[in-house]
Amino acid sequence: MSVCTCFLLSLLSPGLELLIIGTSIFCQPYVGLNKDFKSMLSEHAEFKALTLKDIIKASDGTRKILFTLDDGLVIETVIIPCDRGRNTVCVSSQVGCAMNCQFCYTGRMGLTRHLTAAEIVEQAVYARRLFSSEVGSISNVVFMGMGEPFHNIESVIQAADIMVHDQGLHFSPRKVTVSTSGLVPQLKRFLRESNCALAVSLNATTDEVRNWVMPINRKYNLSLLLQTLREELRSKHNYKVLFEYVMLAGVNDSLEDARRLIDLVQGIPCKVNLISFNPHCGSQFKPTSEEKIIEFRNILAEAGCIVFLRPSRGDDQMAACGQLGKPGQVQAPLLRVPAKFQSALT
Ligand code: SF4
């Protein structure tokens, strides 16, 4: 039997749970490990863990955890507690991000490196270990922390598999959601290989706006992205993609945008999350007013869309959506603002 590359040893209540990532070996030796197996592990396997650096608690109970990696780099993971017992851990998949979405603090960092599957899974393990007694069990995992998960597709599919495996962390596949800015080939692969949930960060209803706020759209435009979803979801039963839509005042929040959004998602089994923009230092956008978000929501709901408003969580401690990370001195460039939106940003 060969034990390969990387693995994660985690202590999960009530016993010892061993996951060996990269092999088909998953065991839960609750009554102790066999001696030969232990000796084989010590010879061939490498125990790597994240090192806890800091925990920052926001006024709404959201916790941001900073972990130091083996090479000294730092990633952030967020625990979002919910009254109804639906506690969520938001994991990172990369150190930084290459996608340069203009509304995102992490995007300002650029990409330093991908995380390994072990580094991704361990964030969820830590979340359980540190907070289950404090906030209750962690029921959901979202890949919405630092990074574009599909830019690191191998490790992300592997990590998601371990999270839902009955010998792994055993989350329900419906409760593990991977979010993408729209990398179409990897999105297709994910839908074919994984039974976890998918979220697509949409944030615009025209290519003109999306090319600016999410430059990945210049490679995979709205029509290609949505047509791919339409085709791929035909063969998935009882599966709905979640569209995330960050509301940017004067940029993507007009009533015409709401109507265009209805047309764009036509024929795609989906839900829509409307998200308040979380300002951060250096950001050029402004949040849409609550009244306008509700008006936008009502137009979608009247047309039969399943639509939710997602309030900001953890924003007073930079733990909210789009606020993770720490840009260094060299930052990804801010793109030219199309002339007709310049007044919305001033
Ligand atoms: S929104 Fe996501 S994909 Fe876009 S820059 Fe931020 S982390 Fe990357």
message: Tell me whether R86 at atom CZ has more than 12 heavy atoms from other residues, nucleotides or ligands lying less than 6.0 Å away.
response: no

- line: When rounded to the nearest 0.5 Å, the distance separating CG of N252 from CE of M247 is 6.0 Å

query: Should the ring pair H114 and H151 be called parallel, tilted or perpendicular, given that the plane angle runs from 0 to 90° and is split at 30 and 60?
result: perpendicular

task: Measure the spacing between OG of S92 and CZ of F67 and express it to the nearest 0.5 Å.
output: 9.5 Å

task: Grab the two heavy atoms, one from P287 and one from A249, that are nearest each other, plus how far apart they are.
output: O-CB, 3.6 Å

message: If we ignore hydrogens and angles and just use 3.5 Å, is the side chain of R108 paired with the main-chain N or O of A332 as donor and acceptor?
response: yes

Verify same cluster id: I79, I55 (apolar side-chain graph, 4.5 Å): yes

field: For the student: nearest non-hydrogen atoms of A124 and L169, plus distance
entry: CB-CD1, 3.9 Å

task: Could you grab the distance from atom CG of L50 to atom CD1 of I65, nearest 0.5 Å is fine?
output: 9.5 Å

message: Using the side chain to side chain contact (heavy atoms under 4.5 Å, CB included) definition, which of the options I157, N152, I153 pairs with Q186?
response: I153

query: What do you reckon, is NZ of K286 surrounded by more than 12 foreign heavy atoms closer than 6.0 Å?
result: yes

query: Among the clusters formed by ILVMFWY side chains lying less than 4.5 Å apart, do L334 and M214 turn up in the same one?
result: no

Heavy atoms of other groups near E290 CD, more than 12 under 6.0 Å: no

task: Please answer: with hydrophobic residues joined when any side-chain heavy atoms are less than 4.5 Å apart, are L242 and L187 in the same cluster?
output: no

- prompt: Quick one: do I299 and I294 end up in the same hydrophobic cluster if we chain Ile, Leu, Val, Met, Phe, Trp and Tyr together by side-chain heavy atoms under 4.5 Å apart?
  reply: yes

- prompt: Is there a donor-acceptor pair closer than 3.5 Å between any side-chain N or O of S235 and the backbone N or O of E232?
  reply: yes

field: Linked, directly or transitively: V95 and L52 (ILVMFWY side chains, under 4.5 Å)
entry: yes

field: Where N221 and L224 come nearest, the two heavy atoms and their spacing
entry: OD1-N, 2.9 Å

- prompt: Closest approach of T77 and Q123, non-hydrogen atoms and distance?
  reply: OG1-OE1, 2.7 Å

message: For the backbone of E244 and the side chain of S201, can you confirm whether one donor and one acceptor N or O come within less than 3.5 Å of each other?
response: no

query: Does the side chain of L202 reach to within under 4.5 Å of the side chain of L222, using non-hydrogen atoms?
result: yes

query: Can you tell me if D253 uses its side chain to pair, donor with acceptor, with the backbone of G250 under 3.5 Å?
result: yes

task: Verify the distance criterion only: is there a donor paired with an acceptor across the side chains of Q227 and E231 at less than 3.5 Å?
output: yes

query: Looking only at atom types and distance, does a side-chain atom of R63 sit under 3.5 Å from a main-chain N or O of F131, one as donor and one as acceptor?
result: no

query: With a cut-off of 6.0 Å (strictly less than), are more than 12 heavy atoms of other residues, nucleotides or ligands near CZ of R174?
result: no

- prompt: Are L300 and L261 close enough that some pair of their side-chain heavy atoms sits under 4.5 Å apart?
  reply: yes

query: How about F103 and F277: are their ring centres within less than 6.0 Å of each other?
result: no

task: Work out which heavy atom in S93 is nearest to a heavy atom in V156; give both atom names and the distance.
output: CB-CG2, 3.9 Å

message: Any non-hydrogen side-chain atom of V142 less than 4.5 Å from a side-chain atom of S179?
response: no

message: Please check if the number of heavy atoms outside K236 that lie under 6.0 Å from its NZ is greater than 12.
response: yes

- request: Measure from the side-chain N and O atoms of S39 to the backbone N and O of K35, and report whether any donor-acceptor pair falls under 3.5 Å.
  value: no

query: Less than 4.0 Å between a side-chain N and a carboxylate O, is that true for D257 and R260?
result: yes

query: Does the ring of Y126 carry R129 above it, NZ/CZ under 6.0 angstrom from centre and within 45° of its axis?
result: yes

field: Contact check, side chains of P185 and F150, non-hydrogen atoms, under 4.5 Å
entry: no

- request: State which residue, out of M99, K219, K188, R189, fulfils the side chain to side chain contact (heavy atoms under 4.5 Å, CB included) condition with L183.
  value: M99

message: Keeping E148 on the side-chain end and A98 on the backbone end, is there a donor-acceptor pair under 3.5 Å?
response: no

query: Is a donor on one side and an acceptor on the other found under 3.5 Å between the side chain of N87 and the backbone of C82?
result: yes

Which atom of L115 lies closest to which atom of E119, heavy atoms considered: CA-OE1, 3.4 Å

query: How far does CG of L335 sit from SG of C101, to the nearest 0.5 angstrom?
result: 10.0 Å

query: Out of curiosity, C97 SG to Y105 OH, how far, rounded to the nearest 0.5 Å?
result: 15.0 Å

task: Say whether, by atom type as modelled, one donor and one acceptor occur between the side chain of R310 and the main chain of I275 under 3.5 angstrom.
output: no

query: Does F243 reach the side chain of I268, with side-chain heavy atoms less than 4.5 Å apart?
result: yes

- request: Sort and list the pairs that fulfil ring-ring contact (aromatic ring centres under 6.0 Å, His included) and have at least one residue in residues 194-218, not counting sequence neighbours.
  value: W212-F285, W212-F341

R230 side chain to Q266 backbone, donor-acceptor under 3.5 Å: yes

query: Does the side chain of V272 come within less than 4.5 Å of L274's, by heavy atoms?
result: yes

Between OG1 on residue T62 and CD1 on residue I80, distance to nearest 0.5 Å: 6.0 Å

